[in-house]
Amino acid sequence: MHHVLISDPDLADNSLLNKMLRSELVNCTSDLEVLRKDPNSPLYSVKSFEALSLKPEILKGVYGMGFNAPSKIQETALPSLLAEPPQNMIAQSQSGTGKTAAFVLTMLSRVDTSLNYPQCLCLAPTYELALQIGHVVEQMSKYMTSLRMVYAVRGGMRVTRGQLIDPHIVIGTPGTVLDWSTKFKVFDLKKIRVFVLDEADVMIATQGHQDQSIRVQRGLSKDCQMLLFSATYDSQVMKFAQAVVPDPIVIRLRREEESLKNIKQFFIRCSSLQEKFHALSNIYGAISIGQSMIFCHTRKAASWLAEQMTRQGHAVGMLSGELAVEQRAAVIERFRSAKEKVLITTNVSARGIDVEQVTVVVNFDLPVNMKGEADCETYLHRIGRTGRFGKRGLAINMVDGSRSMAIMQVIERHFERTIQKLDPDDIDQVEALEEDS
DNA sequence: CTAATTT
């Protein structure tokens with residue numbers, strides 16, 4: 001039945017879509033919390049991509065990516081994302097649950113490829129994340145032959161002041177997008193119909209990219225659909241988000257710690273930097289960890305550690321903001337294709353980066369904020385690089401001294417999950433863990 | 001120099 005309907009070109013029509021939504025969809029799942037302006041209006045959930053009456057070429061792209069059925073967040077978010085009139089959304093869902101596909105699907109559904117100007121705009125906090133989102137756009141739009149996309153990132157395409165660009169979708173980092181839209185005027189923010197903020201909490205946080213993201217947002221038309229996605233929003237940021245986004249549907253996980261269920265967390269107590277390095281070197285010397293990411297607090301620490309590990313004979317990659325853009329693309333590509341199994345990095349890779357083979361995350365330095373306090377949001381994002389899509393993962397925290405022990409305990413209490421002690425000399429412990437996970 | 005962002 002569905003297939004007959006999909007082949008009908010009229011199905012792109014949203015009034016038909018709405019009819020279908022009302023007749024075929026069931027109530028939303030119980031572990032998501034949904035807040036709306038009018039809590040009495042019906043809310044729908046969808047169990048198949050067919051039920052969304054997507055354009056056939058988009059549906060083909062979705063299946064071509066190996067997606068068979070909507071993920072949990074997609075079940076609830078997609079009907080609202082695609083409904084007419086467009087609705088704004090603030091969505092929270094754990095790492096690796098299909099947020100990117102959800103908003104890319106929305107952009108592709110709303111774009112009109114017969115109009116040769118940008119209609120969808122997506123902002124991400126880093127260069128690597130912008131590339132990753134772009135890859136999802138490319139795959140999902142494989143059968144939309146006339147669709148064009150462009151990256152607005154540092155070191156990317158050069159533009160000329162006043163010379164309008166014609167891609168339909170712009171993916172970029174905040175500074176470059178702001179330059180393109182306001183300084184160079186190569187596209188009109190007023191013509192954007194879907195605006196996506198990925199990793200939205202860090203994009204609007206005072207200590208993050210707030211200025212540039214909000215300046216872009218203020219240039220948008222009143223009726224532009226605004227979508228905010230992230231795995232985490234601290235209460236302040238959520239409050240600000242709700243003040244900035246008009247009448248949003250808010251979809252949140254009821255329990256944050258759900259996302260930690262499949263990740264085993266450990267700590268190793270050390271007394272100095274040298275000791276941390278030796279403990280780390282022991283771990284990597286004794287066992288073959290699939291693929292892993294090691295997070296450091298500073299660029300300097302990351303390049304120092306990479307050098308030390310290399311000297312010890314480990315093949316490692318290093319990624320931080322001190323690299324040139326071309327180098328960054330090369331490093332992430334080598335890591336993705338498992339040419340290098342270990343990536344030593346900073347918070348530049350804490351969010352969003354999706355490399356399926358990553359089974360271990362090491363916090364060589366625990367994440368702290370500007371004030372030197374535990375940064376629980378970043379912790380969750382970092383260890384969320386593993387255990388994606390319900391797979392098991394391992395997180396190892398290197399603790400040196402009482403201050404970092406206190407930081408770890410704050411994190412432990414925040415998530416109400418025990419972080420077990422690991423003896424750095426007892427490698428068998430780790431091996432057993434690895435087999436487990 | 002916390003990290004990221006600022007073609």
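The chains referred to below are lettered A, B, ... by the order of the sequence lines, with proteins before strands, and numbering in each begins at 1.
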Check: A:Tyr233/A:Gln242 side-chain N/O donor and acceptor closer than 3.5 Å: no
Within residues 175-191 of chain A: residues closer than 4.0 Å to DNA chain B (heavy atoms):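 Those residues whose heavy atoms fall under 4.0 Å from DNA chain B, taken from residues 175-191 of chain A in numerical order, are A:Gly175, A:Thr176, A:Asp179, A:Phe184.
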side-chain contact (heavy atoms from CB on, under 4.5 Å) partner of A:Thr232, chosen from A:Val202, A:Thr378, A:Val237, A:Leu380: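 The option that passes is A:Leu380.
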Approximate separation, where rounding is to 0.5 Å, of A:Gln274 CD and A:Asp400 CG: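 Answer for the CD-CG pair, A:Gln274 versus A:Asp400, is 11.5 Å.
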Taking any heavy-atom pair under 4.0 Å as a contact, classify [X]: base, sugar-phosphate, or nothing.
{"X": "A:Gln207", "value": "base"}
{"X": "A:Val159", "value": "base"}
{"X": "A:Pro125", "value": "sugar-phosphate"}
{"X": "A:Ser320", "value": "sugar-phosphate"}
{"X": "A:Val202", "value": "nothing"}

Aromatic A:Phe266 / basic A:Lys421 pairing, under 6.0 angstrom, 45° off normal: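 That pair does not qualify as a cation-pi contact.
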Quiz item: cation-pi between A:Lys60 and A:Tyr143, 6.0 Å / 45°: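 Yes; both conditions hold, so A:Lys60 lies above the ring face of A:Tyr143.
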It should be established whether [X] places a side-chain nitrogen or oxygen under 4.0 Å from OP1 or OP2 of nucleotide [N].
{"X": "A:Thr346", "N": "B:dA4", "result": "yes"}
{"X": "A:Arg154", "N": "B:dT6", "result": "yes"}
{"X": "A:Arg299", "N": "B:dA4", "result": "yes"}
{"X": "A:Arg328", "N": "B:dT5", "result": "yes"}

Write down the distance between [atom1] ([X]) and [atom2] ([N]), rounded to a whole number of angstrom.
{"X": "A:His209", "N": "B:dA3", "atom1": "NE2", "atom2": "C1'", "value": "9 Å"}
{"X": "A:Ile171", "N": "B:dT7", "atom1": "CD1", "atom2": "C1'", "value": "17 Å"}
{"X": "A:Arg351", "N": "B:dT5", "atom1": "CZ", "atom2": "P", "value": "13 Å"}
{"X": "A:Glu377", "N": "B:dA4", "atom1": "CD", "atom2": "P", "value": "19 Å"}
{"X": "A:Glu128", "N": "B:dA3", "atom1": "CD", "atom2": "C1'", "value": "13 Å"}
{"X": "A:Met370", "N": "B:dT5", "atom1": "CE", "atom2": "P", "value": "18 Å"}
{"X": "A:Phe295", "N": "B:dA4", "atom1": "CZ", "atom2": "C1'", "value": "13 Å"}
{"X": "A:Tyr379", "N": "B:dA3", "atom1": "OH", "atom2": "C1'", "value": "19 Å"}

Aromatic plane relationship, A:Phe67 with A:Phe49 - under 30° parallel, 30 to 60° tilted, over 60° perpendicular: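 Judged by the thresholds at 30° and 60°, the geometry between A:Phe49 and A:Phe67 is tilted.
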Quick one: side chains of residues 321-333 of chain A, donor-acceptor pairs under 3.5 Å with protein atoms, not counting sequence neighbours, listed by atom name and distance.
unit_1	atom_1	unit_2	atom_2	d
A:Gln327	OE1	A:Ala324	N	3.0
A:Arg328	NE	A:Glu128	OE2	2.7
A:Arg328	NH2	A:Glu128	OE1	2.7
A:Arg328	NH2	A:Glu128	OE2	3.4

